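Structure first, then comments.
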Protein chains: 2
Amino acid sequence: MSAFKPSKRQSAILNMVARDGFVATEAMVAEFGVTPQTIRRDLNELGQEGLLTRFHGGAGQAKSGENLPYADRLRSGVQAKQKIAEMTASLIPDGSSLFLNTGTTTEAIAQALLRHKNLHVVTNNINVARYLSQNDTFQIMLAGGQVRNHDGGVTGAGAADFIDSFRMDIGILGVSGIDEDGSLLEFDPAEIRSAQSVLRNSRKVILVADQHKFGRRAMNRMGDLLDVDIVVTDAPLPISFEKTCGKAGVEIRVAGSAKR
Amino acid sequence: MSAFKPSKRQSAILNMVARDGFVATEAMVAEFGVTPQTIRRDLNELGQEGLLTRFHGGAGQAKSGENLPYADRLRSGVQAKQKIAEMTASLIPDGSSLFLNTGTTTEAIAQALLRHKNLHVVTNNINVARYLSQNDTFQIMLAGGQVRNHDGGVTGAGAADFIDSFRMDIGILGVSGIDEDGSLLEFDPAEIRSAQSVLRNSRKVILVADQHKFGRRAMNRMGDLLDVDIVVTDAPLPISFEKTCGKAGVEIRVAGSAKR
DNA sequence: TAGGTAATGTTCGAATTAGAAAATTTATGA
DNA sequence: TCATAAATTTTCTAATTCGAACATTACCTA
């Protein structure tokens with residue numbers, strides 16, 4: 001029972017490849033929860049279409065050629081996160097206290113925040129902590145616990161308790177997926193408790209999610225759109241989600257829609 | 001034979017990786033006219049320095065947010081730390097549980113440990129955690145608390161308590177200085193309690209210190225040479241320290257004296 | 001010249017990945 | 001409900017890559 005349709009998964013693969021330059025087969029197996037054989041089939045198909053290049057052990061970006069229009073449409077990963085990160089950063093005043101959880105989007109936000117001053121940040125992600133530590137005016141609190149090797153997230157009961165000991169102005173949450181009924185979903189159950197602590201202890205909650213997250217399924221429910229104040233994304237939402245947000249009283253901000 | 005010196009070839013490899021995102025081992029073999037094994041040696045070295053990421057079948061760009069290795073390399077005493085790191089790593093069996101505290105030397109050790117397997121590591125340093133997380137067979141526990149911006153150390157009462165909840169085979173300690181009477185010294189008082197927890201909870205304690213640490217003064221006393229089992233350093237110790245170690249029953253290992 | 005060292009090549013067993021084919025599950029429409 | 005097609009897993013074998021140990025080469029220097 002995979003949470004991805006084949007076409008969805010294939011475009012997600014293209015996004016990963018576009019973002020990282022090279023993705024190992026095993027990494028995709030872990031990401032999508034399918035068999036290596038299935039990933040190889042995908043890679044062979046995408047490779048035949050010239051959308052990526054196969055390597056022993058994974059796949060990398062396609063050699064520059066034609067086809068790029070289509071590929072570009074499917075791979076908006078990095079730019080999308082960048083736009084989301086910049087808009088989110090613009091919502092944060094200097095001197096705020098805030099929380100950042102795990103995810104590539106929140107890592108992008110950490111980078112975008114480096115120009116701010118005197119932020120107090122609580123996080124459970126060692127990459128976020130490391131980025132932010134470059135700014136001497138920041139005070140960074142990192143939750144302790146077991147480190148998830150592939151993404152640098154810190155998990156465990158202690159991490160959630162640690163977060164519970166703070167009360168923050170703003171909580172910034174990344175998620176694995178959002179269901180149509182407004183459920184916020186995560187792949188990793190270990191992340192749930194930390195995220196819930198953030199929801200509880202933030203005066204204002206900002207949810208960051210690129211367009212592919214909407215409708216994407218994941219096993220664990222961490223919360224509900226009702227708990228969120230602002231959603232920052234990179235493209236107009238499907239109507240069903242707009243309705244859900246409207247009911248929940250959630251403000252939607254589409255990054256890069258005005259300019260670019 | 002080969003038209004490239006090793007250093008030339010390695011920087012050429014970095015260029016290829018930077019340009020293409022991912023380069024297959026075979027492609028480099030063809031490019032440089034050397035054996036796959038030679039390429040692998042290069043890739044392992046560059047990978048350990050964090051300048052690229054190894055994959056099965058080739059190498060790709062370094063994971064997000066690298067540059068510290070460069071800064072590290074420019075710092076003085078890198079070679080000494082490297083030698084100490086390699087010798088220390090050789091003292092650690094696969095599958096051990098160990099502790100690593102804060103300091104540039106312990107960060108070098110973290111890199112040197114990447115080829116080990118199934119280590120259980122407890123640390124209060126986010127850089128150590130990040131390096132080690134590249135190895136999927138490691139289980140990493142990171143203490144929580146406030147992050148010291150300039151070196152990535154995690155401090156606070158919670159950090160020491162966190163360490164106290166473990167019992168480890170080996171504790172690896174870096175220090176700011178060592179007094180002639182055998183006192184282990186630290187500049188930052190916030191580091192003291194964590195280090196003492198390590199001394200308490202390690203079955204064997206390895207102290208790592210380059211030659212300049214001996215005789216250097218610092219304000220805070222964290223422990224005594226009596227608590228240490230092995231000292232790893234990079235040059236023969238002054239006689240006064242040899243005597244102190246002898247009395248304390250401490251084994252001294254000088255890295256790089258026998259081989260290399 | 002003899003010894004030492006750094007770099008590379010060779011060899012080989014172990015580990016990883018690929019691919020083909022069959023079995024199973026899932027989705028869909030009559 | 002059943003039949004059918006699509007998607008995925010399973011299973012097995014072949015191909016590739018890896019790492020360690022040892023041999024070789026080139027070069028330096030005492």
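Quantities reported herein were computed from a predicted structural model and do not represent experimental measurements. Chain identifiers are assigned alphabetically (A, B, ...) following the order of the sequence lines, protein sequences preceding nucleic acid strands; residue numbering begins at 1 within each chain.
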Inset, instruction - Please report, rounded to the nearest Å, how far the P atom of C:dA7 is from the CZ atom of B:Phe32. - result: 16 Å
Legend entry - side-chain hydrogen bond (donor to acceptor under 3.5 Å, both in side chains) contacts in which one or both residues fall within residues 237-248 of chain A, not counting sequence neighbours: none
Inset, instruction - Return no unless some side-chain N or O of A:Thr38 is found under 4.0 Å from OP1 or OP2 of D:dT8. - result: no
Legend entry - Contact pattern, 5' to 3', of nucleotides 15-21 of chain D - B, S or - by protein heavy atom under 4.0 Å: -SSBBB-
Legend entry - Sequence-distant partners of B:Arg203, salt bridge (charged side-chain N to carboxylate O under 4.0 Å, His left out), two or more places apart: B:Asp169
Inset, instruction - Look at A:Arg9 and D:dA7 and indicate whether a side-chain polar atom (N or O) is within less than 4.0 Å of OP1 or OP2. - result: no
Legend entry - Test side-chain hydrogen bond (donor to acceptor under 3.5 Å, both in side chains) applied to B:Asp94 - qualifying residues, sequence neighbours left out: none
Inset, instruction - With sequence neighbours left out, write down each residue that passes side-chain hydrogen bond (donor to acceptor under 3.5 Å, both in side chains) with A:Asn220, or none if nothing qualifies. - result: none
Legend entry - Contacts of type side chain to side chain contact (heavy atoms under 4.5 Å, CB included), residue A:Thr38, not counting sequence neighbours: A:Arg9, A:Val34, A:Thr35, A:Arg41, A:Asp42
